[in-house]
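Written out below as structure tokens is the structure these notes cover.
Order of the sequence lines fixes the chain letters, A, B, ..., with proteins taken first and strands second; residue numbering starts at 1 for each chain.
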2 protein chains.
Amino acid sequence: MESVELVDVLKALADPIRLRMIQQLVDGDPHSKSSQFWGFEIQKSTLAHHFKTLREAGVTRTIVEGRNHWIQLRRAELDAKFPGLIDALTGHTTA
Amino acid sequence: MESVELVDVLKALADPIRLRMIQQLVDGDPHSKSSQFWGFEIQKSTLAHHFKTLREAGVTRTIVEGRNHWIQLRRAELDAKFPGLIDALTGHTTA
DNA sequence: AGCATAGTTCGATGGACGTCGAACTATATC
DNA sequence: GATATAGTTCGACGTCCATCGAACTATGCT
């Protein structure tokens, strides 16, 4: 996590799909990777690609439970390293 | 400015050069576009490309004074539309 | 007018990226 | 073991983008 750079986080989030993903993940809870949950009209291989991009950028972690995978925002680490960033990117825009 | 989308701002700032640019512009004052000011080791055509990218994303404005051009962060508009974003991207990284 | 300077625009190039289908891995169920 | 299901990986394809050099525009200066 120490090696996570801001510019790489921004690259990861500068995509409409992935930006909406973290906005849905902002509550900090693990969410299913099942495509039904997200409502994107993309193939599951593309979905997996976006999950990987977020994880490799240090934005999310993956939890595996048997056949089911969960994705979770690394809220605490991100807030510690980039204070205010997640808040600014997720819904507090018009508040 | 109403049509400025968050994802497009992120695309504009998800580049090492342009991220450093807005970090130098964060004081809100106009800064010379002269390459000496920035200290990047890139050609002036590339510099102009980055200026254009920031401007078209709604992040900066350009002020022309005779032969000299100035670039300025659109601080107030960005703060109004994306509260906390500029703060989060400029300098609070290691604090 | 002639020349220098500040900055942009254009065309080309190489690399990165989003998307997809197909193949693959791994777990669950019968 | 056989089959189904969840999700990833791989290869290909097309598009976008950062970079550069050269040409261009426009202002200032002599």
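OP1 or OP2 of C/dG18 lies within a sub-4.0 Å distance of a side-chain N or O belonging to A/R18. Note on A/H50: a side-chain N or O is less than 4.0 Å away from OP1 or OP2 of C/dT19. Proximity of A/H69 to the phosphate of D/dA6: no side-chain N or O atom is located under 4.0 Å from OP1 or OP2. Between A/Q43 and the phosphate of C/dT19, there is no side-chain N or O to OP1/OP2 separation shorter than 4.0 Å. For B/T46 and D/dA18, the shortest distance from a side-chain N or O to OP1 or OP2 is not below 4.0 Å.
Whole-Å rounding puts the A/I17 CD1 to C/dG18 P distance at 10 Å. Between A/I71 atom CD1 and D/dA6 atom P there is a gap of 18 Å when expressed in whole angstrom units. Protein atom NZ of B/K33 is 9 Å distant from nucleotide atom C1' of C/dT8, rounded to whole Å. For A/E56 and C/dA16, the CD to P distance is 14 Å, given to the nearest whole Å. If you take CD of B/E41 and P of D/dC20, they are 10 Å apart, rounded to a whole angstrom. Whole-Å rounding puts the A/L47 CG to C/dG18 C1' distance at 13 Å. Residue A/D15 contributes atom CG, which lies 18 Å from atom P of C/dA16 at whole-angstrom precision. For the pair B/F40 CZ and D/dC20 C1', the computed distance is 17 Å after rounding to whole Å.
Contact check for A/R74 versus A/K81: no side-chain heavy atoms found under the 4.5 Å cut-off.
If you find the closest nucleotide of DNA chain C to A/V64 and to A/S45, the one lying nearer the 5' end belongs to A/S45. Comparing A/R55 and A/N68 by the nucleotide of DNA chain D whose heavy atom lies nearest to each, the residue mapping closer to the 5' end is A/N68. Looking at which nucleotide of DNA chain C each of A/H49 and A/E65 is closest to, the 5′-most match is held by A/H49.
Here the shortest heavy-atom pairing between B/H50 and B/M21 reads CB-CE, 3.8 Å.
Within 4.0 Å of B/I42, counting heavy atoms only, lie sugar-phosphate atoms of the nucleic acid but no base atom. At the heavy-atom level, B/K44 lies under 4.0 Å from base atoms of the strands shown. Here A/T53 lies out of heavy-atom contact (under 4.0 Å) with every strand.
Here the side chain of A/K52 is nearest to one of D/dT9, C/dG7, D/dT5, namely D/dT9. With D/dA18, C/dA4, C/dG7 as the candidates, the nucleotide lying closest to the side chain of B/S32 is C/dG7.
Proximity of a side-chain donor or acceptor of A/K33 to a complementary backbone N or O of A/N68 within less than 3.5 Å is not detected. Of the possible donor and acceptor atoms, one in the side chain of A/W38 sits under 3.5 Å from a partner among the backbone N and O of A/S32.
In the model, B/S45 has no side-chain atom that pairs as donor or acceptor with a side-chain atom of B/Q43 under 3.5 Å.
The pair B/D87-B/R75 meets the salt-bridge criterion, since a charged nitrogen lies less than 4.0 angstrom from a carboxylate oxygen.
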